[in-house]
A.B. asks: 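Before I ask anything, here is the structure I am working with.
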Amino acid sequence: MASSATLSSRRTNAQDRPSATVSELEKPELPLKSIPGDYGLPFIGAIKDRLDYFYNQGRDEFFKSKIQKYQSTVLRTNMPPGPFISSNPKVVALLDGKSFPILFNVSKVEKKDLFTGTYMSSTNLTGGYRILSYLDPSEPKHAKLKQLLFFLLKSSRDRVLPEFKACYTELFKTVEYEVSEKGKCSFQTPSEQAAFNFLARAFFDSNPVDSELGTDGPSLANNWVLFQLGPIFTLGLPKYIEDLLLHTFPLPSFLVKKDYKKLYDFFYESASLVLDEAEKMGISRDEACHNLVFATCFNSFGGVKVFFPIMLKWIGLAGENLHLSLAKEIRSVIKSNRGKLSLSAMEQMPLMKSVVYESFRIDPPVQFQYGKAKKDLLIESQHAVYEVKEGEMLFGYQPFATKDPNIFERAEEFVPDRFMGVDGEKLLKYVLWSNGSETEHPTVADKQCAGKGFVTLVSRLFVVEFFRRYDTFEVEVGPAPVGVAVTITSLKAASF
């Protein structure tokens, strides 16, 4: 391994010698470079980058053009929303699979108030509390609140399979009816209703349709989430109207107060078991309930509503041969297990599991990660080493990390069997959708998604239940504010 002096000698100026330690690096033989890029003129540079990001170039082209311009996957840029919502839009962008994972290392980066990036939405939207997602693991409440979510997941585990089957059977019936009557069916609305109902029934043994919420849960949750993510959304409105409405000033929280109160009341009435546990842990019922609303309506519902259409898109576009292979694998395993679906049965479906992992890889439902350097750091990309100063904001664009051609062959293609076999399983450590590697598991001491295993499970369940019911299908794909809009245009019922 090269010594600190060896690496430093590559610098032309002794004053530029890095203050981070070379021992942090796996390949210190890479050249040590200054981070390229710039932030432009104060205020004006951030506005220009925002307009390029949302409208003039679009997200992917915005990053691709900077990579090409600076010949680097680690670079300086502004990230939306910028003025006047974000006080400091300046970031060091990590745009490859080698540099990105430092954002998971909470010994090196701070995660306090960075869940949505360079701004934080008003705590008026969450009962006045800083919710778990905004807490750094070093903060006292982080461990307790994350442990509460682990309790929620454990206490609901026996309801997941039966409630999923019940709720998604209703979804499939709705889709079948729409396709037969109209020739096509938008997946969004019935999918969101199924997701919300399933989560409430699985987590809290409470059916929202039988409560005062009725069927309004998804729309109430969507409105509330919009007020938090509006600054980094685009809704397809005229450029300057939308930029002024969503990206320049925060939407006033009082406009969604009644919607949120309806959600809160439902969860407070439904989650007695979990709220009792929270009190035992020293968390007030009120703070616990606000965290449960967020975990269910933002994290879980938001993740499912985005990711299930993503899976349908990629599987649908892959074609009939893949569909039939999935149907054969899934049905044969279930048949060999006496017609019953279980967790152990799903472990016997390698193609199905690979398809889910490949969907997470090529189109991760969470695209951004942020962290603030706790100390001077050396960050290694695929081609160089860069010094980051304490306090600088790091930003990672996950789709570029998980489509790094230095890690994945045919990185831009959906390869259904990519993660099958011994060699395929070795690649799982580069699947990073959960704020951590797929080969790692969340703890109270990190920021990996508490529900990582749950999300993987329900994603597998969706594929399994779909191909228990259908041989093949066709889709049309369009844009959406987050994820994709999928319309199912044909369904062929199971024939074997």
Side-chain angles (χ1 to χ4, degrees), residues 35-70 72-95 99-100 103 109-125 130 133-134 225-253 255-256 298 366-373 388-401 479 481-482:
I35 301 173
D38 64 81
Y39 302 114
L41 294 173
F43 188 84
I44 294 173
I47 297 294
K48 179 183 183 303
D49 279 343
R50 184 171 78 199
L51 293 175
D52 285 345
Y53 176 90
F54 284 119
Y55 309 109
N56 300 333
Q57 295 177 304
R59 186 168 51 217
D60 282 15
E61 186 56 37
F62 175 79
F63 295 121
K64 287 178 181 178
S65 66
K66 289 183 180 291
I67 291 173
Q68 185 174 15
K69 178 179 180 180
Y70 299 114
S72 175
T73 53
V74 176
L75 52 87
R76 298 186 183 277
T77 187
N78 297 290
M79 276 300 292
F84 294 95
I85 296 174
S86 171
S87 61
N88 184 3
K90 298 176 181 179
V91 303
V92 174
L94 312 178
L95 304 175
S99 61
F100 186 94
L103 290 161
V109 299
E110 181 185 75
K111 293 285 193 172
K112 183 178 181 180
D113 297 337
L114 302 182
F115 178 66
T116 47
T118 61
Y119 76 101
M120 179 181 172
S121 56
S122 172
T123 56
N124 290 334
L125 292 163
R130 289 173 58 239
S133 293
Y134 289 96
V225 169
L226 174 63
F227 275 64
Q228 298 171 75
L229 294 184
I232 52 175
F233 266 11
T234 179
L235 300 178
L237 302 174
K239 180 196 303 187
Y240 294 109
I241 293 175
E242 181 179 82
D243 199 56
L244 180 64
L245 178 65
L246 290 183
H247 308 143
T248 307
F249 303 100
L251 294 170
S253 58
L255 293 177
V256 78
F298 194 119
V366 178
Q367 297 189 326
F368 314 120
Q369 292 293 341
Y370 286 85
K372 187 174 291 186
V388 171
K389 293 295 186 181
E390 179 181 352
E392 287 197 275
M393 182 76 82
L394 306 178
F395 158 77
Y397 185 50
Q398 195 151 274
F400 280 21
V482 179

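Computed from heavy atoms alone, side chains included, the values below leave out hydrogens, waters and symmetry copies. Since we're looking at a predicted model, the values are computed, not measured.
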A.B. asks: For Glu61, check side-chain hydrogen bond (donor to acceptor under 3.5 Å, both in side chains) against everything at least two apart and list the hits.
C.D. replies: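 Partners of Glu61 under the side-chain hydrogen bond (donor to acceptor under 3.5 Å, both in side chains) test: none.
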A.B. asks: Would you call Lys66 and Asp52 a salt bridge, taking side-chain N to carboxylate O under 4.0 Å as the test?
C.D. replies: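 Answer for the salt bridge query: no.
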A.B. asks: Hey, what's the ring geometry for Phe400 with Tyr397, parallel, tilted or perpendicular (30° and 60° as the breaks)?
C.D. replies: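 Taking Tyr397 first and then Phe400, their aromatic rings stand perpendicular (interplane angle over 60°).
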A.B. asks: Taking all non-hydrogen atoms of both residues, which atom of Pro80 and which atom of Phe54 are closest, and how far apart?
C.D. replies: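 Nearest heavy atoms, Pro80 then Phe54: CB-CE1, 3.6 Å.
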A.B. asks: Is there a side-chain contact between Phe298 and Leu229 (heavy atoms, below 4.5 Å)?
C.D. replies: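 Phe298 vs Leu229: side chains touch.
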A.B. asks: Could you check if a side-chain atom of Leu75 sits within less than 4.5 angstrom of a side-chain atom of Phe63, using non-hydrogen atoms only?
C.D. replies: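 Heavy-atom side-chain distance check fails, nothing below 4.5 Å.
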A.B. asks: Name all residues meeting the ring-ring contact (aromatic ring centres under 6.0 Å, His included) criterion together with Phe233; count only those two or more places apart in sequence or in a different chain, and write none if there are none.
C.D. replies: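 Checked Phe233 against ring-ring contact (aromatic ring centres under 6.0 Å, His included); zero matches.
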A.B. asks: When rounded to the nearest 0.5 angstrom, what is the spacing between CG in Leu394 and OH in Tyr370?
C.D. replies: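 Taking CG in Leu394 and OH in Tyr370, the distance rounds to 11.0 Å.
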A.B. asks: Evaluate the side chain to side chain contact (heavy atoms under 4.5 Å, CB included) criterion for residues Arg130 and Lys112: first the C-alpha distance (whole Å), next the side-chain angles of each, then the deciding distance (0.1 Å), finally the verdict.
C.D. replies: CA-CA 10 Å; Arg130 289 173 58 239; Lys112 183 178 181 180; 3.3 Å; yes
A.B. asks: Could you grab the distance from atom CE of Met393 to atom CE of Met79, nearest 0.5 Å is fine?
C.D. replies: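 With rounding to 0.5 Å, CE (Met393) is 10.5 Å from CE (Met79).
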A.B. asks: What pairs with Phe43 under ring-ring contact (aromatic ring centres under 6.0 Å, His included), at least two apart in sequence or on another chain?
C.D. replies: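 Testing Phe43 for ring-ring contact (aromatic ring centres under 6.0 Å, His included), a comparison that skips the adjacent residues, returns Phe84.
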A.B. asks: Stepwise, does the side chain to side chain contact (heavy atoms under 4.5 Å, CB included) test hold for Thr118 with Phe395?
C.D. replies: CA-CA 9 Å; Thr118 61; Phe395 158 77; over 6 Å; no
A.B. asks: Measuring from Leu226:CG to Leu255:CG, what's the distance to the nearest 0.5 Å?
C.D. replies: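 Between atom CG of Leu226 and atom CG of Leu255 there are 10.5 Å.
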A.B. asks: Can you name the ring-ring contact (aromatic ring centres under 6.0 Å, His included) partners of Tyr134, sequence neighbours left out?
C.D. replies: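 Per chain and number, Tyr134 pairs via ring-ring contact (aromatic ring centres under 6.0 Å, His included) with Phe115.
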A.B. asks: Between Leu246 and Ile85, what is the shortest heavy-atom contact and its length?
C.D. replies: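 Nearest heavy atoms, Leu246 then Ile85: O-CD1, 3.7 Å.
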A.B. asks: Report the distance from atom CD of Gln398 to atom CZ of Phe368, rounding to the nearest 0.5 Å.
C.D. replies: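 Output value for this atom pair is 10.0 Å.
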A.B. asks: Any side-chain to backbone donor/acceptor pair from Ser86 onto Pro83? Under 3.5 Å, distance only.
C.D. replies: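 Judged by distance alone, no pair lies under 3.5 Å.
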A.B. asks: Would you name the heavy atoms of Leu103 and Gly371 that are closest together and state the gap between them?
C.D. replies: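 That would be CD2-N, 3.6 Å.
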A.B. asks: Please find the pair of heavy atoms, one from Ala46 and one from Pro89, that lie closest to each other, and give the distance.
C.D. replies: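 It is CB-CG, 3.7 Å.
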A.B. asks: How far apart are the closest heavy atoms of Thr116 and Ser121, and which atoms are they?
C.D. replies: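 Answer, listing the atom of Thr116 first, then Ser121: OG1-N, 4.3 Å.
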A.B. asks: Quick one: salt bridge (charged side-chain N to carboxylate O under 4.0 Å, His left out) partners of Arg76, sequence neighbours excluded?
C.D. replies: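 Expected list: Glu392.
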A.B. asks: If we ignore angles and hydrogens, is there a donor and acceptor under 3.5 Å between the side chains of Asp38 and Tyr70?
C.D. replies: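 Checked: Asp38/Tyr70 side chains pair up, N/O donor to acceptor below 3.5 Å.
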A.B. asks: Judged by atom type as modelled, is there a donor-acceptor pair below 3.5 Å linking the side chain of Lys372 to the main-chain atoms of Lys111?
C.D. replies: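 No; zero donor-acceptor contacts below 3.5 Å.
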A.B. asks: Working to the nearest 0.5 Å, report the span between CG of Leu125 and CD of Gln228.
C.D. replies: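 Interatomic distance, Leu125 CG to Gln228 CD, rounded to 0.5 Å: 5.0 Å.
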A.B. asks: I need the minimum non-hydrogen distance between Pro36 and Val74, along with the two atoms involved.
C.D. replies: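 Heavy-atom minimum between the residues: CD-O, 3.3 Å.
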A.B. asks: Atom NZ of residue position Lys90 - does it have more than 12 heavy atoms of other residues, nucleotides or ligands inside 6.0 Å?
C.D. replies: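 Atom NZ in Lys90 is not crowded, with 12 or fewer foreign heavy atoms closer than 6.0 Å.
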A.B. asks: Report the distance from atom CD1 of Ile47 to atom CG of Leu41, rounding to the nearest 0.5 Å.
C.D. replies: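 Atom-to-atom, Ile47:CD1 and Leu41:CG are 12.5 Å apart.
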A.B. asks: Using the side chain to side chain contact (heavy atoms under 4.5 Å, CB included) rule, take Thr77 and Tyr53 through it: C-alpha gap first, then chi angles, then the decisive distance, then the call.
C.D. replies: CA-CA 11 Å; Thr77 187; Tyr53 176 90; over 6 Å; no
A.B. asks: Scan for side-chain hydrogen bond (donor to acceptor under 3.5 Å, both in side chains) pairs involving residues 230-245, sequence neighbours excluded, and state none if there are none.
C.D. replies: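 Listed once each, the pairs are Arg50-Asp243, Tyr55-Glu242, Asn56-Lys239, Thr234-Glu242, Asp243-His247.
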